[in-house]
K.L.:
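Structure in structure tokens, see below.
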Protein chains: 2
Amino acid sequence: MGSREAKNALFDAFAAVAKALGSGRRAEIVDILAQGERSVDELAREIGQTVANTSQHLQQLLRAGLVDTRRDGNRIYYSLSGPAVSRLWAAVRQVAAGHAARLEEVAAAYLGDRSGMTVLTRPELSERLQAGDVVVVDVRPDAEFRSGHIAGALSLPVRELEKRLDELPAGRTVVAYCRGPFCVFADDAVRTLQRYGIPAARLEEGYPEWAAAGLPVEVHRPGAVPG
Amino acid sequence: MGSREAKNALFDAFAAVAKALGSGRRAEIVDILAQGERSVDELAREIGQTVANTSQHLQQLLRAGLVDTRRDGNRIYYSLSGPAVSRLWAAVRQVAAGHAARLEEVAAAYLGDRSGMTVLTRPELSERLQAGDVVVVDVRPDAEFRSGHIAGALSLPVRELEKRLDELPAGRTVVAYCRGPFCVFADDAVRTLQRYGIPAARLEEGYPEWAAAGLPVEVHRPGAVPG
DNA sequence: CTGCTATTCAAGATATTAATTGAATAGTGG
DNA sequence: CCACTATTCAATTAATATCTTGAATAGCAG
């Protein structure tokens with residue numbers, strides 16, 4: 001009967017959305033785009049794939065409606081097509097996190113040893129920011145900081161962290177954050193700071209989650225060192 | 001370098017969750033399980049597949065951590081592994097709905113013509129329930145009604161609707177609801193009622209969304225006809 | 001134990017997908 | 001127009017997924 005075919009078509013249409021996220025490389029692309037728009041070759045470099053391959057993955061995301069494009073000169077910038085996609089990505093991570101078995105070991109292999117690292121949740125950081133006893137440091141690349149960051153945060157990309165330690169106000173705990181709960185930047189930063197004897201912790205999640213929660217952010221203005 | 005491999009493994013682990021939903025048949029299974037647990041052959045019948053094939057799909061959902069199993073006698077009951085999975089499924093539908101192009105025609109082919117059908121949103125129904133000028137009818141199969149329904153709803157499965165029209169209190173608009181926004185039951189019910197000259201509308205979403213929103217529900221007690 | 005039911009496993013045909021390579025297209029600047 | 005860059009397209013290979021069929025397993029009823 002035709003109703004079964006129509007029903008199949010309907011659920012196939014839903015499944016197409018999930019399928020688009022069903023490749024590690026495309027998932028990584030979505031994770032990066034959650035920080036802001038990127039050109040094809042920026043993405044290709046970040047995910048460690050050829051430009052041709054990256055382009056094909058992007059076409060699939062486009063066909064599934066997860067991303068939009070914008071042309072600027074002869075570059076094409078891709079971005080998430082809306083907040084529903086961020087929520088979808090967050091839901092995927094959450095389900096994956098709940099199915100701890102496999103994920104934890106894989107995450108540990110990538111993020112490294114987190115024993116001896118303090119991890120602050122969003123409300124904890126929020127509270128300590130008001131108390132004023134911490135410095136919040138955004139350790140993502142500068143471009144991402146400029147496209148939006150936690151209000152009052154200092155930009156200190158991991159790659160430059162070691163050279164610019166003197167920009168940190170002395171005597172206060174540093175809280176590093178980056179792209180999200182499974183981003184290495186903050187972990188690397190905390191370990192570096194601890195090596196220099198500077199008390200440091202990381203924010204459990206990243207900028208997109210902070211912004212999505214409606215907590216205070218700033219756009220396009222470098223944060224001054226508070227105090 | 002090993003970090004790239006570890007990163008790939010991490011994102012592959014996330015992607016595995018999405019991939020599990022990346023087949024129309026598995027998506028349909030998840031949609032059904034959102035109403036409550038089911039045995040393998042109930043599911044097989046509902047999705048129109050062989051038991052063997054359905055079992056394999058279920059194994060995949062199990063491996064990805066989307067479902068749990070429970071044995072009762074020689075039947076095995078599958079259910080969603082937690083609310084995070086419902087949220088994931090809702091997020092998928094929402095992204096698909098946003099990418100209107102393809103979905104709308106597919107949905108129309110399955111659900112039929114909705115012109116001339118009033119569709120109430122959750123808050124609208126909530127309000128009219130308090131005003132008391134509508135009868136809410138749950139048109140899902142009885143088992144689903146028993147495992148949870150909107151508080152005060154009357155159970156009147158679509159398949160029996162035409163025979164049991166006399167159970168409807170006269171003079172009030174009937175609001176039918178079922179499994180979710182893309183479930184045909186409510187659409188069919190509204191069209192049937194309208195054929196008999198009974199004023200009817202459907203709830204835009206279904207029981208899972210109502211319950212997830214924290215609105216009043218009842219479990220395992222048939223709703224009395226209010227008034 | 002035997003027969004029965006529900007579920008899972010295994011093997012094979014067909015179709016889809018990811019990554020690679022090399023060529024084609026669209027825009028920029030001279 | 002030409003050279004150059006960024007992106008997409010097309011063809012190939014290797015790996016995976018779906019569905020089908022038929023057999024194997026696990027628990028229940030006698």
Side-chain angles (χ1 to χ4, degrees), chain A residues 4-5 7-9 11-30 32-33 37-64 66-79, chain B residues 4-5 7-30 32-33 37-64 66-79 143:
Chain A
R4 169 41 61 188
E5 281 159 40
K7 193 173 195 178
N8 282 355
F11 280 95
D12 285 348
F14 290 133
V17 168
K19 204 179 222 168
L21 269 176
S23 133
R25 255 28 64 217
R26 287 196 294 275
E28 198 175 344
I29 288 174
V30 168
I32 294 166
L33 293 182
E37 63 173 20
R38 291 296 143 87
S39 68
V40 178
D41 81 358
E42 285 174 315
L43 284 168
R45 245 175 294 122
E46 284 220 55
I47 70 174
Q49 296 283 319
T50 62
V51 170
N53 193 13
T54 305
S55 171
Q56 307 206 69
H57 280 306
L58 287 167
Q59 302 293 317
Q60 284 191 56
L61 290 171
L62 192 61
R63 258 178 270 131
L66 303 206
V67 301
D68 281 338
T69 61
R70 162 178 91 79
R71 174 155 229 146
D72 179 20
N74 62 5
R75 250 190 207 90
I76 293 181
Y77 287 93
Y78 281 83
S79 56
Chain B
R4 167 45 59 188
E5 281 159 41
K7 194 172 195 178
N8 283 354
L10 177 62
F11 281 96
D12 286 349
F14 290 133
V17 168
K19 204 179 222 166
L21 270 176
S23 130
R25 255 26 66 218
R26 287 196 294 276
E28 198 174 345
I29 288 174
V30 168
I32 294 166
L33 293 181
E37 63 173 21
R38 291 294 143 88
S39 68
V40 179
D41 79 359
E42 285 174 314
L43 284 168
R45 244 175 297 120
E46 284 220 55
I47 70 172
Q49 297 283 319
T50 62
V51 170
N53 192 12
T54 304
S55 171
Q56 307 207 68
H57 280 307
L58 287 168
Q59 302 294 315
Q60 284 191 55
L61 289 172
L62 192 61
R63 259 177 270 131
L66 303 206
V67 301
D68 281 339
T69 62
R70 163 178 92 76
R71 173 156 229 144
D72 179 21
N74 63 4
R75 251 192 205 88
I76 293 181
Y77 288 92
Y78 281 82
S79 56

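In what follows, chains carry the letters A, B, and so on, assigned in the order in which the sequence lines appear, proteins first and then strands, with residues in each chain numbered from 1.
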K.L.:
Would you mind classifying the nucleic acid contact of B/Tyr77 as base, sugar-phosphate or nothing, using non-hydrogen atoms under 4.0 angstrom?
P.N.:
nothing
K.L.:
If you assign A/Asn53 and B/Ser55 each to the DNA chain C nucleotide with the nearest heavy atom, which residue ends up on the more 5' nucleotide?
P.N.:
B/Ser55
K.L.:
Find the distance B/Arg45:CZ to C/dT7:C1' and express it as a whole number of Å.
P.N.:
14 Å
K.L.:
Go through the side-chain N and O atoms of A/Asn8 and B/Arg25 and say whether any donor and acceptor fall under 3.5 Å apart.
P.N.:
yes
K.L.:
Strictly below 4.0 Å: does B/His57 bring a side-chain N or O up to OP1 or OP2 of D/dC19?
P.N.:
yes
K.L.:
To the nearest 0.5 Å, what is the distance between CG on A/Leu58 and CG on A/Leu33?
P.N.:
7.0 Å
K.L.:
Give the nucleotide from the list D/dT5, D/dT21, C/dT7 with an atom nearest to the side chain of B/Ile76.
P.N.:
C/dT7
K.L.:
For the side chain of B/Thr50, starting at C-beta, report the closest nucleotide among D/dT21, C/dT20, C/dA6.
P.N.:
D/dT21
K.L.:
Does D/dT8 have its OP1 or OP2 closer than 4.0 Å to a side-chain nitrogen or oxygen of A/Gln56?
P.N.:
no
K.L.:
What is the distance from atom CD of A/Gln59 to atom OH of A/Tyr78, rounded to the nearest 0.5 Å?
P.N.:
4.5 Å
K.L.:
Any idea which of D/dT7, C/dG27, D/dC19 is nearest the A/Asn74 side chain?
P.N.:
C/dG27
K.L.:
At less than 4.0 Å, is any side-chain N or O atom of A/Tyr78 found next to OP1 or OP2 of D/dT8? Yes or no.
P.N.:
yes
K.L.:
Can a side chain N or O of A/Arg26 be found less than 4.0 Å away from OP1 or OP2 on C/dA18?
P.N.:
yes
K.L.:
Closest approach of A/Val67 and A/Leu62, non-hydrogen atoms and distance?
P.N.:
O-CD1, 3.3 Å
K.L.:
Rounded to whole angstrom units, what separation is found between the CD atom of A/Gln59 and the C1' atom of C/dT17?
P.N.:
16 Å
K.L.:
Expressed in angstrom and rounded to an integer, what is the separation of A/Asn8 atom CG from D/dT18 atom C1'?
P.N.:
13 Å
K.L.:
What is the separation between atom CZ on B/Arg25 and atom P on D/dT20, rounded to the nearest whole Å?
P.N.:
11 Å
K.L.:
Could you state the atom-to-atom distance from CG of B/Leu61 to C1' of D/dT18 in whole Å?
P.N.:
14 Å
K.L.:
Please confirm whether the shortest side-chain N or O distance from A/Gln60 to OP1 or OP2 of C/dA18 is below 4.0 Å.
P.N.:
yes
K.L.:
Output the single nucleotide from C/dT7, C/dA18, D/dA17 whose closest atom is nearest the side chain of B/Lys19.
P.N.:
D/dA17
K.L.:
Once you round to the nearest 0.5 Å, how far does OG of A/Ser23 lie from CZ of B/Phe11?
P.N.:
11.5 Å
K.L.:
Given D/dT20, C/dA6, D/dT7, identify the nucleotide with an atom nearest to the side chain of B/Asp41.
P.N.:
C/dA6
K.L.:
What are the two closest non-hydrogen atoms of B/Ala27 and A/Ala15, and how far apart are they?
P.N.:
CB-CB, 4.4 Å
K.L.:
Mind calculating the distance between CZ (B/Arg75) and P (D/dC28) to the nearest angstrom?
P.N.:
12 Å
K.L.:
Quick one: B/Ile47 CD1 to D/dT18 C1', roughly how many Å, whole number?
P.N.:
12 Å
K.L.:
Tell me: CD of B/Glu28 to P of D/dT18, nearest whole Å?
P.N.:
15 Å
K.L.:
Starting from the 5' end of DNA chain C, give me the residue, A/Ala52 or A/Arg71, whose nearest nucleotide shows up first.
P.N.:
A/Ala52
K.L.:
Scan B/Val51 against the nucleic acid and name what it touches under 4.0 Å (heavy atoms): base, sugar-phosphate only, or nothing.
P.N.:
base
